[in-house]
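Every number for a ligand or one of its atoms is a count from 1 in the order of the listing. No hydrogens, no waters, no symmetry mates; every other heavy atom, side chains included, goes into these values. Quick caveat, the model's predicted, so the values are computed rather than measured.
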Amino acid sequence: YREATAATNRTFPDYFKFGIATASYQVEGAWNEDGKGENIWDHLCHTNPTFVDNGDNGDIACDSYHKYKEDVALLKDLGVDYYRFSLSWSRIIPLGLAGSPVNQAGIDYYKSLIQELGDNGIEPMVTIFHWDLPETLQEFGGFPNPELEEHFAYYARVVFENLGDSVTYWTTFNEPLQTCHQGYSTGTMAPGYKSSGLAEYKCAHTLIKAHAKAYHIYDEEFRPQQQGYVGIVADTTWFEPASDSDADQEAAERALQFNYGWYINAVVNGNYPAVMIERIDERSKQQGFETSRLPKFTEEEIEYIKGTHDYLAINAYTTVYAQAKEETDPTVVSYESDLNVDTFIDESWEQSASSWLRVVPWGLRNLLNWLSKTYNHPEIFVTENGVSDLGGLDDDRRINFYQEYLSNVLEAILDDGVNVTRYTAWSLMDNFEWARGYTEKFGMYSVNFDNPGRPRTPKASASYYAQVIASRCLVDTCE
Ligand SMILES: O=S(=O)(O)CCCN1CCN(CCO[C@@H]2O[C@H](CO)[C@@H](O)[C@H](O)[C@H]2O)CC1
């Protein structure tokens with residue numbers, strides 16, 4: 001499908017659940033209160049204030065650490081079934097290190113938030129890691145250091161033990177692609193390293209093993225009593241073949257495998273996608289490396305990693321066209337040259353406030369179909385989807401975005417038989433948009449960052465989303 005379609009007037013199935021998401025560093029603030037340790041975003045913002053637009057940082061952010069009851073009241077007004085939020089590793093384990101002290105005040109904060117959600121009939125969907133790595137662990141090398149597997153396993157066990165009685169849906173990592181590729185290759189996210197085609201592959205290797213270990217810890221030690229589910233949230237742009245030539249179709253498929261398959265082929269089938277292994281092994285050999293730049297899983301690791309997911313999750317925002325290109329200079333060591341695909345957009349696609357995000361609703365339907373076909377028709381959660389602007393309460397472009405993207409989700413379900421059972425909007429409120437600071441707004445509630453009270457104000461999109469959830473339909477007159 002390549003055409004925007006008018007929003008369908010059909011209704012969402014009764015089992016379908018609507019949610020909304022935030023993340024710890026983006027909303028909590030209280031960066032050094034009640035025993036919380038420093039994380040890599042605290043450290044980056046404080047030591048290199050030019051990294052983030054306007055020198056913004058998450059010291060206060062939306063102050064959700066103090067205002068979480070207000071946040072739950074907003075969730076109640078929206079009528080969401082669940083709230084997807086993340087835990088701050090260094091609030092719970094200040095040093096991050098396996099065996100290091102646990103900060104009870106950090107545990108108590110999340111217990112209070114989960115209790116408040118429960119009291120309001122809202123299910124918590126908890127992300128264990130959403131990019132805010134304890135700074136001490138970065139001083140040990142971060143995820144490129146294989147020891148991070150043990151440190152993460154210790155953290156996961158602490159949160160399963162302390163919070164698991166009230167949590168059914170867990171996610172180990174949010175967007176490992178951004179963690180490793182933006183963090184250690186493009187340098188556009190903390191810790192801001194530029195080790196393309198090198199450290200980023202080590203980062204992913206440790207992260208995938210850490211995910212699998214946490215999954216097995218839950219499966220063996222906690223699931224019997226807690227009866228919950230564990231997954232990993234991966235993201236990708238939808239890559240639409242620029243033409244129906246074989247070369248362009250292969251280019252699009254290769255891009256999806258290097259972006260989403262990098263992690264999800266591992267948790268589903270136990271290993272990296274074949275196309276990554278083949279291309280990186282070959283190029284590493286041409287470049288004179290004794291071993292491939294892409295680390296290898298052993299046979300027992302493949303068995304251990306295979307199947308470590310109880311649902312398939314996707315954070316999806318936008319689309320690009322993918323086109324085959326001539327092989328680049330084989331001596332270039334980089335992810336981009338390993339991938340070797342040209343991408344471009346259609347300038348007619350509606351813009352957002354984010355340079356990487358064009359509004360292309362039909363791309364989400366194609367992506368959901370690709371996921372279903374590629375991973376054998378699993379249950380799929382859309383765990384993030386949303387659009388940025390520069391502010392304002394009459395956000396009719398955001399309403400239009402949700403109406404058209406949700407319509408494509410519903411068409412994937414009703415017309416294509418894709419088993420999507422959850423949809424999560426990004427985000428509840430305007431928050432710290434990483435290197436873009438507070439300039440790009442994704443919230444359904446506006447936050448006034450010039451007011452120490454960080455007041456929240458509903459935008460028109462909040463009313464629209466509440467109406468969609470109540471009516472289970474996207475337009476005024478439903479069938
Ligand atoms: O600006 S640049 O072009 O130099 C680099 C930007 C790279 N983007 C950042 C967001 N990411 C996926 C979405 O990232 C997700 O979506 C939200 C909106 O971004 C974030 O706030 C969430 O934390 C994150 O989970 C796609 C890649």
Original post:
Near Lys325 NZ, under 6.0 Å, is it more than 12 heavy atoms from other residues, nucleotides or ligands?
Top reply: yes
Original post:
Do other residues, nucleotides or ligands put more than 12 heavy atoms under 6.0 Å from the NZ atom of Lys69?
Top reply: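 No - once you tally the heavy atoms of other residues, nucleotides and ligands closer than 6.0 Å, there are 12 at most.
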**OP:** Identify the two heavy atoms, one from Ser388 and one from Glu440, that lie closest to each other, and give their separation to 0.1 Å.
**Re:** CB-CB, 4.3 Å
Identity and distance of the protein heavy atom lying nearest [atom]:
| atom | value |
| --- | --- |
| atom 7 (C) of ligand 1 | Gln182 NE2, 3.3 Å |
| atom 10 (C) of ligand 1 | Trp356 CZ2, 3.6 Å |
| atom 16 (O) of ligand 1 | Tyr317 OH, 3.0 Å |

Subject >> Heavy-atom check, side chain of Asp132 versus side chain of Ile40, under 4.5 Å >> reply: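 Not touching, per the 4.5 Å side-chain cut-off.
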Original post:
Are side-chain heavy atoms of Leu410 and Phe16 found at a separation under 4.5 Å?
Top reply: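 When only atoms from C-beta onward are counted, Phe16 and Leu410 do not touch, as no gap falls below 4.5 Å.
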**OP:** Compare His181, Met189, Glu384, Glu440 and give the one whose heavy atom is closest to atom 25 (O) of ligand 1.
**Re:**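 Nearest option to atom 25 (O) of ligand 1, by heavy atoms: Glu384.
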**OP:** Select the closest option to atom 26 (C) of ligand 1 among Glu433, Gln26, Gln178, Glu175, judged by heavy-atom distance.
**Re:**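 The nearest heavy atom belongs to Gln178.
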Subject >> For ligand 1, the portion of Asn174 having any non-hydrogen atom under 4.0 Å away >> reply: side chain
Original post:
Applying a 4.0 Å heavy-atom criterion (strictly less than), which segment of Ser355 is in contact with ligand 1: side chain, backbone, both, or neither?
Top reply: side chain
Original post:
Can you find an N/O atom of Arg436 closer than 3.5 Å to an N/O atom of ligand 1?
Top reply: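 Min N/O separation from ligand 1 is below 3.5 Å for Arg436.
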Subject >> Cation over ring face, Arg84 and Phe381, 6.0 Å, 45° >> reply: no
